[in-house]
Amino acid sequence: MSWELTRRRFVRAINSKFIFDRIPLLHAVIFFIEMAIIARLVSRFNAYYDERPVLTMMVTNAVLGGVADTVAQTITSIRERALRKPGGVNKDDTVAIEIHELDRKNPWNERELIPESKDLPPPFDFERLTRFMAYGFGMAPLQYKWFSFLSRAFPITKTSAFAPAMKRVAFDQLVFAPFGIACFFTVMTAAEGGGRRAIAHKLRDMYIPTLKANFMVWPAVQIINFRLMPVQFQLPFVSTVGIAWTAYLSLTNASEEAEPKTAPYSPTIRLQ
């Protein structure tokens, strides 16, 4: 028996295990491993930051990005597991129902993030997780430089705090946010193997709805961030609050591939 066949059988077996018949076991294990890494980072963050600030931000961003994608994949798996049960979703599937209601009421995107599907719940996509972690790792130096620039350009003092904070928010939302969203969809689509046409298609369908969602969420978060957070905690704060946002981006980026198709089910799930 070849190693590849053994690996496939093992992955198929572990992906078929669910906690309380609802929560995918593999997703939960990966989530708890990620949280253990975060706990370690939190306990020594100041020491790591003092020694290697940029590398500390890169690792922190990568792990938090991984958490966000794990959450997104878990949400999809829970929903599709409930849909595929005999008789479909019932009143006991409260989590799956809440997920569907939040998806249906999403005001920013006409496309369902988790379309109705009778396919098997998708197996955990390690390639997708790797792409998210790599993206967070690679973007951290740029974000670090951006926050440092904002802190120098608009210094907050005891006598002047609110106005500089608002200027930072305005610059961040009008300059970095549009660039960051375009960069996210471009890099992720290219990492999936998409060419120029796929990138243009993704930006055409996803960019404006995602930018609108950004403007609804992030200005308030950034006011708190720039007004109250020391510069070394600004990127970790944004990344932590952004777990939900990055999960939304993960679902948004994957929603085209997740739509129901007439082709037979394939265990290969493309991401974000």
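Side-chain contact between L142 and M139 is present, with at least one heavy-atom pair separated by less than 4.5 Å. You'll find the side chain of F31 reaches within 4.5 Å of the side chain of V67, heavy atoms only. Between Q73 and H27, some side-chain heavy-atom pair lies under the 4.5 Å cut-off. Contact of the F237 side chain with the I224 side chain is registered, since non-hydrogen atoms from C-beta on lie closer than 4.5 Å. A heavy-atom distance below 4.5 Å is not found between the side chains of I14 and F124. At a threshold of 4.5 Å between non-hydrogen side-chain atoms, the residues Q222 and V238 count as touching. Residues F147 and R168 form no side-chain contact, since every pair of their non-hydrogen atoms from C-beta on lies 4.5 Å or further apart. A heavy-atom distance below 4.5 Å is not found between the side chains of Y48 and V59.
In the hydrophobic clustering of ILVMFWY residues, with side-chain heavy atoms under 4.5 Å counting as a link, F162 and F154 come out together. The same ILVMFWY cluster, assembled from side-chain heavy atoms under 4.5 Å apart, contains both L249 and Y207. Note: the hydrophobic cluster containing F176 also contains V187 (ILVMFWY, side chain heavy atoms under 4.5 Å, direct or indirect links). One hydrophobic cluster, built from ILVMFWY side chains closer than 4.5 Å, cannot hold both F149 and I156; they sit in different ones.
Of all the heavy atoms in A62 and F137, the pair that sits closest is CB-CB, 3.9 Å. Of all heavy-atom pairs spanning R227 and A161, the tightest one is CZ-CB, 3.4 Å. When all heavy atoms of G136 and N61 are compared, the pair lying nearest together is O-ND2, 3.1 Å. Minimum heavy-atom separation, I23 to A28: CG2-CB, 4.4 Å. The shortest non-hydrogen separation linking A247 to V71 is CB-CG1, 4.5 Å. Here the closest heavy-atom approach between residue M58 and residue A140 is recorded as CA-CB, 3.5 Å.
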Task: Working for side chain to side chain donor-acceptor pair (under 3.5 Å), residues W245 and N214 - done: CA-CA 9 Å; W245 172 252; N214 170 86; 5.1 Å; no
- [ ] Decide yes or no on side-chain contact (heavy atoms from CB on, under 4.5 Å) for V29 and K17, but give the supporting numbers first.
- [x] CA-CA 11 Å; V29 170; K17 304 298 183 182; over 6 Å; no
TODO: Could you go through the side-chain contact (heavy atoms from CB on, under 4.5 Å) check for W218 and N225 one step at a time?
DONE: CA-CA 10 Å; W218 280 104; N225 189 33; over 6 Å; no
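Residue F226 holds its CZ atom at 14.0 Å from NZ of K167, rounded to the nearest 0.5 Å. Between the CZ atom in R128 and the OG1 atom in T70 there is a gap of 9.5 Å [rounded to 0.5 Å]. Atom OG1 of T56 sits about 9.5 Å away from atom OH of Y144, to the nearest 0.5 Å. To the nearest 0.5 Å, atom CD1 of residue I30 and atom CG of residue L25 are 9.5 Å apart. Here the CE-CE distance, from M206 to M188, works out to 13.5 Å after rounding to the nearest 0.5 Å. The line from CD1 of I223 to CG of D172 is 11.0 Å long, rounded to the nearest 0.5 Å.
Ring centers of F45 and F233: under 6.0 Å apart, within the cut-off. Less than 6.0 angstrom separates the ring centroid of F184 from the ring centroid of Y135.
Around atom CZ of F215, more than 12 heavy atoms belonging to other residues, nucleotides or ligands sit under 6.0 Å away. The 12-atom threshold is exceeded at CZ of R204, counting heavy atoms of other residues, nucleotides or ligands nearer than 6.0 Å. Summarising the local packing, CZ of F171 is surrounded by 12 or fewer heavy atoms from other residues, nucleotides or ligands at distances under 6.0 Å.
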